[in-house]
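Here's the structure, in structure tokens; my notes come after.
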Amino acid sequence: MNTPPSILSALKKRLHLQPDHPLAITRQLIESRFPGYAYHNALFPIVTTHQNFDSLGFPPDHPGRSRTDTYYINSKTVLRTHTSAHQADTFRANATPGYLISADVYRRDAVDRSHYPVFHQMEGAMTWDRTTVPTNSTLAAQIWADVAKIPSHDLTVQDPNPTIDADRNPLQPEHAAAEVEAVAAHLKRSLEDVVVAIFSAARAATTAGGEAPADEPLQIRWVEAYFPFTSPSWELEVFWQGEWLEVLGCGVVRHSILANAGVPSRIGWAFGLGLERIAMLLFSIPDIRLFWSEDARFLSQFSASKPIARFARFSKFPACFKDMSFWLPAGVGGNSAGGQVGGFHENDVMELVREVAGDLAEDVRLVDEFTHPKTGRRSCCYRVNYRSLERTLTNEETNRLHEKLRGTLVERLGVELR
């Protein structure tokens with residue numbers, strides 16, 4: 001059990017289901033592009049390690065299984081780290097060919113304006129059953145007929161690579177190349193349609209907010225990728241306001257996942273995206289902590305019954321930077337930035353900052369490391385940026401928080417303060 005009360009208290013929030021919340025509006029916008037699909041939005045967040053890891057083929061030594069990355073309830077139960085924890089069960093139920101899952105997911109992570117230990121994902125999948133194909137047709141032909149039903153668009157799409165590459169994006173041995181070409185076309189056309197909806201709304205919001213949209217036309221490019229659940233696989237990137245942005249990952253579902261779910265005759269695609277990332281682009285929200293705000297100045301700006309509008313920022317309150325330096329316990333060495341060092345992991349520091357300071361900590365960064373030339377002991381210095389989203393913090397308040405944090409580091413991690 002490594003799940004603190006602050007994380008457990010978030011289980012009941014379900015921001016993606018709260019009326020007029022920007023995450024709910026984003027979810028509904030994407031769902032509108034998938035008519036006829038089943039929507040699963042209220043699945044319970046506590047799952048087994050089998051659901052979260054084993055059913056998706058995670059090896060026993062995968063870093064995602066580590067207590068430094070995942071919130072455990074006990075040795076066999078975790079807070080889901082992705083919506084894919086429900087993928088095998090949904091395939092097994094086989095209720096509809098297509099489905100979308102939206103849910104809160106949990107990961108121990110960095111403290112900054114784009115990361116939060118609770119965030120929201122959406123994943124979708126579409127499959128076809130070989131056993132239902134008429135004798136005078138083929139599965140590929142059936143899928144191509146479904147491709148023709150997807151709305152067309154006039155965006156510039158860069159997709160220079162072949163669907164299948166023996167080395168970079170291999171065909172699964174259980175699949176026929178013609179079927180995979182059709183599945184990939186359906187996948188890409190479906191997700192391009194989503195991008196058109198999202199970024200058309202974002203462009204309209206930018207214009208309505210008095211900020212002229214970029215002159216360049218919206219562009220999409222498909223980039224070869226690797227994911228353990230799919231092959232071939234891609235990332236979808238969009239050229240927006242002068243830079244390429246990664247929007248989602250996707251691919252052809254691995255046959256082993258469908259076979260283990262009891263539907264070996266099916267073939268299809270799946271995708272996954274972060275709702276916060278899309279909502280931050282859509283509404284121009286600068287800090288992920290805002291999604292958890294109960295400040296009426298934030299929440300009153302959003303309505304599902306009105307057109308998408310840019311977030312009108314209220315005052316940005318001053319930052320207060322404070323450093324904390326400490327020696328790691330004797331015998332612990334190596335590079336601590338972003339990883340495990342003996343019994344120390346940077347995520348342990350991040351977790352304690354969140355526990356002590358909550359959303360008053362905007363950012364935590366490792367700013368210095370030092371190894372003593374004689375003793376070999378390792379020293380780290382982290383800089384914490386305290387900043388409230390709703391008011392000005394006093395020096396006295398941040399001093400109290402910082403001293404409590406320093407004491408907690410000693411008590412929990414066994415470090416020696418400098």
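Bear in mind that the values here come from a model prediction, so they are computed numbers and not experimental data.
E355 and R412 are joined by a salt bridge, as a carboxylate oxygen and a charged side-chain nitrogen come within less than 4.0 angstrom of each other. Under the 4.0 Å criterion applied to side-chain N and carboxylate O atoms, R391 and E397 are assigned as salt-bridge partners. A salt bridge is absent between E390 and R297: the closest approach of a Lys/Arg side-chain nitrogen to an acidic carboxylate oxygen does not fall below 4.0 angstrom. Contact check on R33 versus D193 returns a salt bridge, with a Lys/Arg side-chain nitrogen under 4.0 Å from an Asp/Glu carboxylate oxygen. Ion pairing of R130 with E179 is present here, as a side-chain N (NZ or NE/NH1/NH2) and a carboxylate O approach within less than 4.0 Å.
Ring geometry for F271 versus W269: interplanar angle of 30 to 60°, hence tilted. Classified by interplanar angle (parallel below 30°, tilted 30° to 60°, perpendicular above 60°), the ring pair H82/F229 is perpendicular. Note: H372 and W327 have tilted aromatic rings, judged against thresholds of 30 and 60 degrees for the angle between ring planes. Aromatic ring orientation, Y382 versus F344: tilted (interplanar angle from 30° to 60°).
Scanning all heavy atoms of the two residues, the minimum distance from I285 to A279 falls at CD1-O, 4.4 Å. The two residues S303 and D20 have their closest heavy-atom pair at CA-OD1, 3.5 Å. Closest of all the heavy-atom pairs between A361 and V353 is CB-CG1, 3.6 Å.
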Before you tell me yes or no, could you show the steps for R418 and S379 under side-chain hydrogen bond (donor to acceptor under 3.5 Å, both in side chains), namely the whole-Å CA-CA distance, both residues' side-chain angles and the distance that decides it to 0.1 Å? CA-CA 9 Å; R418 296 185 64 189; S379 170; 2.8 Å; yes
Run the salt bridge (Lys or Arg N to Asp or Glu O under 4.0 Å) check on R254 and E174 step by step: do they pass? CA-CA 9 Å; R254 287 200 175 275; E174 300 87 355; over 6 Å; no
Could you walk me through whether E294 and K13 pass the salt bridge (Lys or Arg N to Asp or Glu O under 4.0 Å) check? CA-CA 12 Å; E294 297 181 355; K13 298 286 188 177; 3.5 Å; yes
Checking E192 against W222 for the side-chain hydrogen bond (donor to acceptor under 3.5 Å, both in side chains) test, could you report, in this order, the C-alpha distance in whole Å, the side-chain angles of both residues, the deciding distance, and whether it holds? CA-CA 10 Å; E192 288 166 8; W222 291 98; 2.9 Å; yes
Apply the test salt bridge (Lys or Arg N to Asp or Glu O under 4.0 Å) to residues E403 and K322: give CA-CA distance (whole Å), side-chain angles for both, the deciding distance (0.1 Å), then the verdict. CA-CA 10 Å; E403 284 307 308; K322 294 189 180 296; over 6 Å; no
R365 vs D112, salt bridge (Lys or Arg N to Asp or Glu O under 4.0 Å): CA-CA, chis, key distance, verdict: CA-CA 9 Å; R365 296 183 186 276; D112 59 40; 5.7 Å; no
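Formation of a donor-acceptor pair under 3.5 Å by the D359 side chain with backbone atoms of R289 is not found in this model. In this structure, the side chain of N347 engages the main chain of T68 through a donor-acceptor pair within 3.5 Å.
Screening T81, D54, T70 against R65 for a side-chain hydrogen bond (donor to acceptor under 3.5 Å, both in side chains) leaves a single residue, D54. The ring pair (Phe, Tyr, Trp, His ring centres under 6.0 Å) test with F311 is passed by exactly one of F283, F298, F291: F298.
Residue-environment remark: CZ (R92) exceeds the threshold of 12 foreign heavy atoms within 6.0 Å. With a 6.0 Å radius and a threshold of 12 heavy atoms from other residues, nucleotides or ligands, N74 has its CG atom above the threshold. No more than 12 heavy-atom neighbours from other residues, nucleotides or ligands sit within 6.0 angstrom of CZ on R383.
For F91 and Y99, the gap between ring centers is short of 6.0 Å.
Geometrically, K188 engages W234 in a cation-pi contact, judged by NZ or CZ lying under 6.0 Å from the ring centre and within 45° of the ring axis. For the pair R80 and Y71, the cation-pi test (distance below 6.0 Å, angle within 45°) is failed.
Within the structure, ring pair (Phe, Tyr, Trp, His ring centres under 6.0 Å) contacts touching residues 386-411 (residues at least two apart or in different chains) are Y386-H402.
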